[in-house]
Amino acid sequence: MTADRLGFAVSLARKAGALAQSMRDQAGGLDYTIKAPEDYATDADYAVEALIRQRIAETYPEDGVLGEEDGLQGRVNGCWIVDPIDGTINFSRGMDDWGISIGYFNGTEFELGVIFAPDKNLMASGQAGRGAFVNGKPVTFGQGHPSQTKLISIGYSDRQPMQEYTDRIARIRAAGMDHRRHGAATIGFLGVLSGWFDAYYERALNIWDAAAGLAMIKAAGGVVEHGPFDTFVKEPTRVLAHNGRIPEVGRIVDPAQTQAAE
């Protein structure tokens with residue numbers, strides 16, 4: 001059933017991406033709902049999540065679904081975790097840094113994940129024990145470019161003080177590395193899988209932004225860190241995912257949290 005779920009998720013992500021693009025391109029434009037300061041959803045976000053929920057209910061009626069827009073419906077142990085459009089601001093402004101994120105939690109781990117970036121035409125997929133792929137090409141973290149500057153993708157939200165964020169950038173630069181920020185966790189995870197970045201880090205990330213990316217990077221042989229699932233399902237937690245070639249990356253991006261975990 002795992003392989004069936006993965007193929008189902010890949011196909012569904014493509015359908016969801018096509019729906020999002022068509023709604024953005026419609027003559028009347030997008031409608032917006034303000035959820036909180038600097039946090040809004042478009043009618044495409046709601047429509048895409050509704051499509052994903054409908055298809056899951058039709059195909060796997062026993063499974064639960066946890067989505068950004070409509071919360072948890074059904075069971076947690078055997079649950080799809082969905083961000084219908086991650087990077088809504090980018091999406092609504094016509095930028096290509098956004099993605100559809102579909103993960104599956106089997107009660108023990110994030111078992112499989114799919115991230116589709118429609119405007120980039122990039123599809124990442126993976127499952128525990130079977131590796132990960134980007135546009136059909138296997139992800140191989142063992143092949144690197146040691147002479148190149150290491151790149152860390154980082155996220156930011158107002159859940160953390162700006163000073164903490166700028167201090168993190170200063171530590172990355174002091175370590176001889178560089179950083180990028182795209183305004184969408186899906187692009188950070190996709191970048192690690194594609195070899196653009198060596199790591200992705202965010203101090204407080206929601207589970208629907210992270211489940212698929214964490215599943216794929218772990219399946220590819222990378223290293224992932226996040227809070228306990230019981231906490232993660234209720235509130236944002238620290239998330240780190242990397243290719244394993246920078247063992248000290250945790251201490252660089254967040255020394256206080258790394259020391260607390262030891």
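- Two different hydrophobic clusters hold Phe91 and Met95 under the rule that ILVMFWY side chains link at heavy-atom gaps under 4.5 Å.
- Using a distance-only test at 3.5 Å, with no hydrogens or angles considered, a donor-acceptor pair links the side chain of Arg171 to the main chain of Val253.
- Rounding to the nearest 0.5 Å places CG of Leu151 at 7.0 Å from CZ of Phe197.
- To the nearest 0.5 Å, the span separating CG on Leu193 from OG1 on Thr140 amounts to 11.0 Å.
- Placement of Val224 and Met216 within a single hydrophobic cluster is found when ILVMFWY residues are connected by side-chain heavy-atom separations under 4.5 Å, directly or transitively.
- In this structure, the side chains of Leu214 and Glu225 stay at 4.5 Å or more apart for every pair of heavy atoms.
- Atom CD1 in Ile152 sits 11.5 Å away from atom CZ in Arg180 (nearest 0.5 Å).
- Judged by distance alone, the side chain of Asn243 and the main-chain N or O of Arg245 form a donor-acceptor pair under 3.5 Å.
- Heavy-atom minimum distance, Leu205 versus Phe232: O-CE1, 3.1 Å.
- In terms of heavy-atom proximity, Ala199 sits nearest to Val249 at CB-CG2, 4.1 Å.
- Side chains of Arg238 and Tyr201 form a contact here, defined as non-hydrogen atoms less than 4.5 Å apart.
- Residues Leu6 and Ser125 form a side-chain contact, since some pair of their non-hydrogen atoms from C-beta on lies under 4.5 Å apart.
- In terms of heavy-atom proximity, Glu202 sits nearest to Gly155 at OE1-CA, 3.4 Å.
- Under the 4.5 Å side-chain heavy-atom criterion for Ile, Leu, Val, Met, Phe, Trp and Tyr, Val139 and Val223 are members of distinct hydrophobic clusters.
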Val233 vs Ile81, side-chain contact (heavy atoms from CB on, under 4.5 Å): CA-CA, chis, key distance, verdict: CA-CA 10 Å; Val233 76; Ile81 303 175; over 6 Å; no
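- Distance check: Ile56 CD1 to Leu12 CG gives 6.0 Å after rounding to the nearest 0.5 Å.
- Both Val65 and Val48 sit in one connected hydrophobic cluster of ILVMFWY residues. Membership requires side-chain heavy atoms under 4.5 Å apart, directly or through other members.
- Counting heavy atoms from C-beta on, the side chains of Met23 and Thr42 never come closer than 4.5 Å.
- Within the 4.5 Å cutoff, the side chain of Phe189 has heavy atoms near those of the Val239 side chain.
- Rounded to the nearest 0.5 Å, atoms OG1 (Thr88) and CD (Glu68) are 6.5 Å apart.
- Under the 3.5 Å distance criterion, with hydrogens and angles disregarded, no donor-acceptor pair is assigned to the side chains of Asp83 and Thr186.
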Phe141/His242 under side-chain contact (heavy atoms from CB on, under 4.5 Å): CA gap, chis, key distance, verdict: CA-CA 9 Å; Phe141 288 144; His242 60 92; over 6 Å; no
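- In this structure, Arg159 contributes its side chain and Ala204 its backbone to a donor-acceptor pair below 3.5 Å.
- Here CD1 of Ile154 is found 12.0 Å from CG of Leu240. Values are rounded to the nearest 0.5 Å.
- The shortest non-hydrogen separation linking Val114 to Ala9 is CG2-CB, 3.7 Å.
- For the pair Arg203 and Arg168, the minimum side-chain heavy-atom distance is below 4.5 Å.
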Arg24 vs Asp119, side-chain contact (heavy atoms from CB on, under 4.5 Å): CA-CA, chis, key distance, verdict: CA-CA 12 Å; Arg24 183 186 56 191; Asp119 289 348; 2.8 Å; yes
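- Counting non-hydrogen atoms of neighbouring residues, nucleotides and ligands closer than 6.0 angstrom, the CZ atom of Arg173 reaches no more than 12 such neighbours.
- In this structure, Asp43 contributes its side chain and Asp31 its backbone to a donor-acceptor pair below 3.5 Å.
- Checking side-chain atoms of Arg75 against main-chain N and O of Glu62 turns up a donor-acceptor pair under 3.5 Å.
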side-chain contact (heavy atoms from CB on, under 4.5 Å) evaluation trace for Met177 with Asp198: CA-CA 10 Å; Met177 304 177 189; Asp198 296 282; over 6 Å; no
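- Of the possible polar contacts, one joining the Ser92 side chain to the Ile89 backbone as a donor-acceptor pair under 3.5 Å is found.
- Proximity of a side-chain donor or acceptor of Glu49 to a complementary backbone N or O of Glu69 within less than 3.5 Å is detected.
- When all heavy atoms are compared, the tightest approach of Pro118 to Ile100 is CG-CG1, 4.4 Å.
- Between Leu66 and Phe105, the closest side-chain pair of non-hydrogen atoms is not below 4.5 Å.
- Remark: the backbone N or O of Trp98 is not paired with any side-chain donor or acceptor of Asn90 at under 3.5 angstrom.
- Shortest non-hydrogen contact noted between Gly67 and Arg53 is N-NH2, 3.2 Å.
- Taking the ring axis of Phe116 as reference, the NZ or CZ atom of Arg14 stays within 45° of it and closer than 6.0 Å to the ring centre.
- The side-chain heavy atoms of Phe110 and Ile207, taken from C-beta on, include a pair separated by under 4.5 Å.
- Cation-pi geometry between Arg5 and Tyr60 is met: the NZ or CZ atom falls under 6.0 Å from the ring centre, inside 45° of the normal.
- Judged by distance alone, with hydrogens and angles left aside, the side-chain atoms of Ser11 form no donor-acceptor pair with the main-chain N or O of Phe8 at under 3.5 Å.
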